[in-house]
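Report on the structure given below.
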Amino acid sequence: MTPDAQTCDLKASPYNLDDEQIAWVEETLAGMSLDEQVGQLFTNLFHFGPDAFSGNPYTAEEIEKFHIVVARYRGGTSNKVQDLLNRLQKASKIRC
């Protein structure tokens with residue numbers, strides 16, 4: 001990404017990234033499809049409760065389809081939440 005294409009100064013607060021970290025960001029973004037980049041904008045809420053739409057077998061499919069990178073959760077035991085987070089990380093294309 002050229003300096004003209006940047007929309008913010010990644011070296012300034014609140015990011016405070018060094019050159020190596022900025023290179024990782026630029027390389028990662030360059031390797032992402034538009035759908036994957038759009039997926040970075042949304043937060044998914046997983047709810048452990050009677051509606052049962054979280055922690056279900058479709059979690060990995062949802063991540064693949066919607067490129068979920070930020071997850072919030074409500075309810076659930078620490079084991080259920082950790083299992084969900086592990087499944088989300090395993091399904092994620094980007095590794096930190």
Side-chain angles (χ1 to χ4, degrees):
M1 183 180 295
T2 64
D4 293 337
Q6 281 187 320
T7 58
C8 63
D9 183 359
L10 296 176
K11 290 186 176 186
S13 182
Y15 309 106
N16 302 313
L17 301 182
D18 62 29
D19 290 335
E20 184 178 338
Q21 292 167 322
I22 291 171
W24 182 89
V25 169
E26 291 174 348
E27 289 169 15
T28 301
L29 283 173
M32 295 170 69
S33 69
L34 181 58
D35 283 348
E36 290 168 332
Q37 291 177 23
V38 170
Q40 302 286 307
L41 302 173
F42 298 95
T43 300
N44 195 46
L45 174 62
F46 293 90
H47 178 79
F48 295 96
D51 62 1
F53 70 83
S54 178
N56 60 36
Y58 306 109
T59 300
E61 180 182 313
E62 290 167 356
I63 291 173
E64 236 176 83
K65 182 176 180 181
F66 300 111
H67 310 288
I68 298 169
V69 295
V70 180
R72 293 179 50 210
Y73 53 87
R74 181 179 173 103
T77 64
S78 59
N79 287 341
K80 284 187 177 185
V81 171
Q82 188 61 57
D83 180 56
L84 170 65
L85 296 175
N86 289 340
R87 290 168 62 197
L88 292 170
Q89 290 174 345
K90 185 177 179 182
S92 176
K93 176 181 171 182
I94 299 174
R95 303 283 186 232
C96 296

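In this text, all values refer to a predicted model and were calculated from it rather than measured experimentally.
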*asked:* Please find the pair of heavy atoms, one from A71 and one from L88, that lie closest to each other, and give the distance.
replied: CB-CD1, 3.5 Å

*Hey, what do you get for CD1 (I22) to CD (E27), rounding to the nearest 0.5 Å?*
12.0 Å

*Over all heavy atoms of both residues, which pair between L10 and Y15 is shortest? Give the atoms and the distance, please.*
O-CB, 3.3 Å

*Using the rule that two of Ile, Leu, Val, Met, Phe, Trp, Tyr join whenever any of their side-chain heavy atoms come within less than 4.5 Å, decide whether F42 and L34 are in one cluster.*
yes

_Donor-acceptor contact present, side-chain Q21 to main-chain D18, <3.5 Å_ = yes

_I'd like to check the salt bridge (charged side-chain N to carboxylate O under 4.0 Å, His left out) partners of D35; sequence neighbours left out, ordered by chain and number._
none

*Minimum side-chain heavy-atom gap Q40-V70 below 4.5 Å*: no

*May I ask whether L29 and V38 are part of the same hydrophobic cluster, defined by side-chain heavy atoms of I, L, V, M, F, W, Y residues being less than 4.5 angstrom apart, directly or through others?*
no

*Rounded to the nearest 0.5 Å, what separation is found between the NZ atom of K11 and the CG atom of N16?*
11.5 Å

